[in-house]
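See structure below.
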2 protein chains.
Amino acid sequence: MSTILDIAKLAGVAKSTVSRYLNGGSVGEATKKKIEQAIKETGYSPNPFAQSLKAKKTNIIGTIVPRLDSYASSQTLIGIDEQLKKMNYQMLISNTSQSLEREIESIYSFANQKMAGIILLATEITDQHIQAFESVKVPVLLIGQEHEDFHSLIHDDFHAGYAMGRYVLEKGYRKIAYLGVTERDISVGVKRKQGFKKAIQEVADCDVRFYETLFNIPAAQESAKEIIDEFQPAIFVCATDNIALGVLKASYSEGITIPEDLAVTGFGGYDVTGIIHPGITTAKFFYKEAGESAARHIVGLVNERNVEKLTVSKFEIIERESVDNLFKRPL
Amino acid sequence: MSTILDIAKLAGVAKSTVSRYLNGGSVGEATKKKIEQAIKETGYSPNPFAQSLKAKKTNIIGTIVPRLDSYASSQTLIGIDEQLKKMNYQMLISNTSQSLEREIESIYSFANQKMAGIILLATEITDQHIQAFESVKVPVLLIGQEHEDFHSLIHDDFHAGYAMGRYVLEKGYRKIAYLGVTERDISVGVKRKQGFKKAIQEVADCDVRFYETLFNIPAAQESAKEIIDEFQPAIFVCATDNIALGVLKASYSEGITIPEDLAVTGFGGYDVTGIIHPGITTAKFFYKEAGESAARHIVGLVNERNVEKLTVSKFEIIERESVDNLFKRPL
DNA sequence: TTCATATTAGGAACCGGTTCCATTTAAGGA
DNA sequence: TCCTTAAATGGAACCGGTTCCTAATATGAA
């Protein structure tokens, strides 16, 4: 591997001149030619460590993600990555396997590695997170959770919840099981439910019960089975698509047909909800677009441009076969 | 951020002594104490760029992946990542969005960034790949494709194909559509088919036709529709789970019931094949375990230990509802 | 006590860039 | 033609570590 000094010697100039050439300083035409020639001959390319050492900063955005094997994560990462590439930044992924402790470690580790900025695909913001973000002097952007102290990009969980509530009511459903998750997850556990509740409160005669389960399919399946036995809802409104899939599995094993005997909705817009049969009605979020937007934001922050503190990403209700129109049913 | 010089001053020693302390050289007891104390006070942690600049090497394994949003990719990445962490290495992901050109770029870029080793989740090995690997002096490991010049870890596509063939025949199917992919993908397009063919050749009276489609679900759905019209197979043996999902969609829209009117099998063992109803019979590969194994291999190569050139990862046939037992059907 | 040999510690060079500063050269104005 | 000013270039210091070499100190054997 050749160094800047090799180029300098080959071109017969000082290495400072080569450096200036590379970084757009003032260099004469004749010298430019010689340096270009030397670089072409050797295939020289600067050592990024030497550059970062001096600059005390990289052009890398560290991205902390709780898991790699989720539709939301991978789509978001793809969006971030593609947009960063366009802006000549790199993305470095740290997968924490849903360990909050590893999240904290990653923050410090990214700071130590002189990342230009940090994006956190957040599930829960603890005091430790806040302390870590404040002690490292690196720009930070949260995705998926909102926090007053930091820049964040969230999905419109509240309005998605509201729209889903309206949708379900308009289809004629009144006996509803809302299958949510822990309230420690503000976006998924609180906001979606609040939006949904608001829609419910606007009509009378609703029999709605609220339940809580975990994020994974088997847990949701188990919960659904119990709820079906005790409450016999006409519809499950699930806080995530995975939970909806759990409900689907439960209904298969109970011999309940969808949507005739039981309707189901989800949140997320995961690919799988459209692949399976019946397709699941869901509130689709635009993860990839959100990732792209996040990339632009963090680069804005890195370059100390003015960036809105809170950005809200859109959603869309996708109608599929898992919900029937009760008003159109033959009597 | 404090530097090694700050620590040296605080402890009243030379910075070379601090460096020796950090790297396990000979340091007296009293000095050790002082340095420990200074490090604790400042929270010092070495600048990785300065270290890498001198060492001309990092402890990072660059991993090139054609896409992030596939079950196989994400599981493999998780396996690599977890194992590397255990061995005190880091993983850096480069997503190429299925562009071969970007794959080549990534190889050179990783070399330039002094990666200790490179793992490529390969789909196709071109001359450009070979040239790139040979010109950078970095250890390389291929996953998913085999090449005589490089170390590789592959799934046992041939035997999985054979086992799937045997399975299908044992269930009594004889009118079979094999829905494969391009032969440029040796593992998926050639090996699986060859294994399957071998099984077929062992029995008489088989009516098997071979088709080719793309990797994505809509394309597979389209192909399946045509094949159903022209050939009316009793079963689709699909080269990937995604293709099997396409067949499923096609049969829904054609009003064909699975497995009564048409059976389907896949390869891969994607989560979704077990979530949906009917579940898809598939040859499951152990992506995460393969990733872990790959991590151990590349680290072995980096440390110039002797590593087998070719490793074959296991598979398992998972029986689900998408295939019937024709021999047990009532007449 | 003296000499040989380990241990321990410090100083300086080096890794490969960037940047500041001083000097030379060229160009333009008077 | 001479002087001022701008452009082009080289030299040296610096970023924060590691490592080699040498010197000082301690240890143990004779």
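Here is the naming used below: chain letters follow the sequence lines, and residue numbers restart at 1 for every chain. Because the structure is predicted, anything quoted here is derived from the model rather than measured.
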### Query
Looking at E146(A), Q145(A), H155(A), which hits side-chain hydrogen bond (donor to acceptor under 3.5 Å, both in side chains) with K191(A)?
E146(A)
[X] side-chain proximity, nearest of [options]:
X      : options                   : result
L53(B) : dG16(D), dG17(C), dG17(D) : dG16(D)
Y44(B) : dG17(C), dG17(D), dG10(C) : dG17(D)
T17(B) : dA9(C), dG17(D), dT9(D)   : dA9(C)
S16(A) : dT9(D), dG17(C), dA12(D)  : dA12(D)

### Task
Examine the base of dG17(D) for any acceptor or donor lying under 3.5 Å from a partner atom in the side chain of K15(B), and report the outcome as yes or no.
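Answer is yes: a donor-acceptor pair is held.
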### Task
Check if the side chain of K56(A) and the base of dC15(D) share a donor-acceptor pair of N or O atoms closer than 3.5 Å.
no
Length of the line joining [X]:[atom1] and [N]:[atom2], which is rounded to integer Å:
X      : N       : atom1 : atom2 : value
L5(A)  : dA12(D) : CG    : P     : 14 Å
R20(B) : dG10(C) : CZ    : C1'   : 8 Å
F49(B) : dT18(D) : CZ    : C1'   : 17 Å
K54(B) : dG16(D) : NZ    : C1'   : 12 Å
N47(A) : dC15(C) : CG    : P     : 12 Å
Q51(B) : dG16(D) : CD    : C1'   : 9 Å
I35(A) : dA8(D)  : CD1   : P     : 12 Å

Report which part of the nucleic acid [X] touches: base, sugar-phosphate, or nothing (heavy-atom distance under 4.0 Å, all strands).
X      : result
S19(A) : base
T31(A) : sugar-phosphate
S26(B) : base

### Query
Parallel, tilted or perpendicular: which describes the rings of Y287(B) and Y71(B), with under 30° parallel and over 60° perpendicular?
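Judged by the thresholds at 30° and 60°, the geometry between Y287(B) and Y71(B) is perpendicular.
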### Query
Counting heavy atoms not belonging to Q128(B), are there more than 12 under 6.0 Å from its CD?
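Not more than 12 within 6.0 Å, no.
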### Message
OP1 or OP2 of dT19(C) versus the side-chain N and O atoms of N23(A): is any pair under 4.0 Å?
### Response
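Checking N23(A) against dT19(C): no side-chain N or O falls below 4.0 Å of OP1 or OP2.
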### Task
Could you tell me whether the side chains of Q113(B) and S109(B) share a donor-acceptor contact shorter than 3.5 Å?
yes
### Message
Please evaluate residues Y44(B) and D6(B) with respect to the criterion side-chain contact (heavy atoms from CB on, under 4.5 Å), reporting the C-alpha separation (whole Å), side-chain torsions for both, the decisive distance (0.1 Å), and the verdict.
### Response
CA-CA 9 Å; Y44(B) 166 77; D6(B) 299 329; over 6 Å; no
